[in-house]
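Presented below is the structure to which this report refers.
Naming convention: chains lettered A, B, ... in sequence-line order (proteins, then strands); numbering from 1 in each chain.
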Amino acid sequence: MELLLLGGGGGAAAPKPSHLAYPFVLKAASALSMVELGRQVHAQICKLGFHGDLFVGNSLIDMYCKCSLMEDARKLFDGMPDRDQVSWNSIISGYASCGRTSCSLQLFDEMPASGNAPPKRRHDGLPLAACSSSCNWPAGRWVSSFIDVNAVPVNVMVTTALVDMHCRCGALTEARRRFDEAPQKNLATWNAMMTGYVRGGRPESAVNLFSHMTATSLAPNEITLVNLLSAFASMGALERGKEAHVDLARSGADVNVFLSTALVDMYAKCGEITLACLVFVKAARKDLGLWNAMVTGLAAHGLAAEALTVFSQMSSAGAAPNEVTFVGILSACSHAGLVDAGRENFRKMRKVYGLKPDLEHYACMVDLLGRAGHVEEALAMVEDMEMEPDFVIWGSLLNACRIHHEIELAEKISKAVVFSSSKVANLGCSVLLSNIFASAGMWAEVARVRRLMKETGERKVSGCSWMEAEGAMHRFLVKDTAHDGSSELYVTLDTSLVDGRGGMEERFNGA
DNA sequence: GTAGGGTTAG
């Protein structure tokens, strides 16, 4: 029917469409994911003899790529009489966006330096996007050094893609070097670097980078502010978060659903669940992410009944839950000891919503059942799991054994699982495990865990906190304060803060 | 007339 508009199926009076119309039509078809329409348009293009037109050909490639039909896209690309930069970029980014990094890179490498395509000048970081999305560090490094070795001139987009790729692959220092050395930066570049710091667990660097950004003439956008709020959330920086909220409200800017979510999350993580609820209620639009932020926020505050209420409101509003929602719901039930509600929601998760429970869901259930004394049921659930249980799950089970004095079962589990040679490498929560053994009086097991920890060099990850001083955020690692010198330690801490030297402080001047 | 970088929830 749609083709009638293009005169494809009309009577004799229907005008023949111009080739200029096709790029628009194909763009619309791919935006609406109307694959069949796209194919019909393709057939019509061939019939009318427009398939040799470079713009039409490029649009067809793009359409097939966006519909994830890479085989069709490639066939077309290979059969093209002429290709230009757009043809190459379209197919390379097509492979990139569906995660086929090696195809993307191979084509990038085959891209002719001369001939019927323009020279390798403006390939615009498309393969970098591929490396980013797949966190493919070796490939990313290869493209990165290709750019250096061949002295490829980088525009802002390539710079941003480079920064983003390095961040996603965990190479924050290299990302920052690229960022600092960039000839041109725009808002997206700053946002990419900030996102990298937030996701890489360096919120203080993100905040400091933001300060630098505001010192330039560049104005932040929603993405910048979402990152900023997310940084405050992970630092528990309530006052800074509130200030950002006030600034946002004063600016009169539109608070989109991403910002609402970031605000709800920030308030919840900073302990202000009431303010989180307020933002949630006032949000103009609620999407899955926002519902989830509210449910998980309530769950983390131990407000199980409220979390379940929001969950039912969510269903009434016609929003379908996902796995994240159920992590919130089940952990809420687990914290509150709501055994029946937990069982029922775990059942609904699979039967009603067709969602596959993951390790985290099982962990909630095992903890809930185990604590409530249903140790056998918890064990049966673990044995029924499709995936390998991790140590959080075994730990919950052992903890349940400890509470309910199922020492024999605990010994059985620890012999069969914890100390079986294949699992030793996976020891992830040895401290928890040794505490459980200790409180059950299983001293031989305690000694074994301690020995294993020594052998593998495993140590608990240090906690840390943040302080604002001299206009920058500083991170402090938690150290043992139980010994005699702890008061001195804190004096050292204060002076090191003032003169900016040594000690326990990790300083990130200028992010 | 076609391609192309940066945001939320566990």
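- Using a 4.0 Å heavy-atom cutoff across all strands shown, L187(A) reaches at least one base atom of the nucleic acid.
- Within 3.5 Å, no donor on the side chain of N58(A) pairs with an acceptor on the base of dG1(B), nor the reverse.
- Of the residues in residues 264-278 of chain A, those lying under 4.0 Å from DNA chain B by heavy-atom distance are D265(A), K269(A).
- Near-neighbour residues of DNA chain B inside residues 213-235 of chain A, defined by a heavy atom below 4.0 Å, number-ordered: N221(A), E222(A), I223(A), V226(A).
- A sub-4.0 Å separation between OP1 or OP2 of dG6(B) and a side-chain N or O of K185(A) is absent.
- With rounding to whole Å, D358(A) atom CG is found 15 Å from dG10(B) atom P.
- Aromatic stacking is not marked for F258(A) over dT8(B), as the cut-offs of 5.5 Å for the centres and 30° for the planes do not both hold.
- DNA chain B is contacted by S59(A), D62(A), K66(A) of residues 59-73 of chain A, taking any non-hydrogen atom closer than 4.0 Å.
- Here the nucleotide nearest the side chain of L288(A), chosen from dT2(B), dG6(B), dA9(B), is dA9(B).
- Comparing dG4(B), dT2(B), dG5(B) against the side chain of P23(A) picks out dT2(B) as the nearest.
- Here L225(A) contributes atom CG and D247(A) contributes atom CG; the two are 9.0 Å apart, rounded to the nearest 0.5 Å.
- Using a 4.0 Å heavy-atom criterion, one finds that F55(A) contacts the bases of the nucleic acid, with or without backbone contacts as well.
- Between the side chain of K286(A) and the backbone N or O of F280(A) there is at least one donor-acceptor pair closer than 3.5 Å.
- Looking at residues two or more places apart in sequence or on another chain, you find no ring pair (Phe, Tyr, Trp, His ring centres under 6.0 Å) involving H301(A).
- Shown here are the salt bridge (Lys or Arg N to Asp or Glu O under 4.0 Å) partners of K356(A), two or more places apart in sequence or in another chain: E386(A).
- Residue M157(A) places its side chain closer to dG4(B) than to any other of dG4(B), dT7(B), dA3(B).
- Using a 4.0 Å cut-off on heavy atoms, none of the residues of residues 310-318 of chain A approach DNA chain B.
- Across all strands shown, V156(A) has heavy atoms under 4.0 Å from base atoms, whether or not it also approaches the sugar-phosphate.
- For L20(A), the listed nucleotide lying nearest its side chain is dG1(B); candidates were dG4(B), dG1(B), dG5(B).
- Between the side chain of D53(A) and the base of dG1(B), a donor-acceptor pair under 3.5 Å is found.
- At dT8(B), one or more side-chain N or O atoms of R199(A) fall inside 4.0 Å of OP1 or OP2 (strictly under the cut-off).
- The E360(A) side chain lies nearest to dG10(B) when the options are dG5(B), dT7(B), dG10(B).
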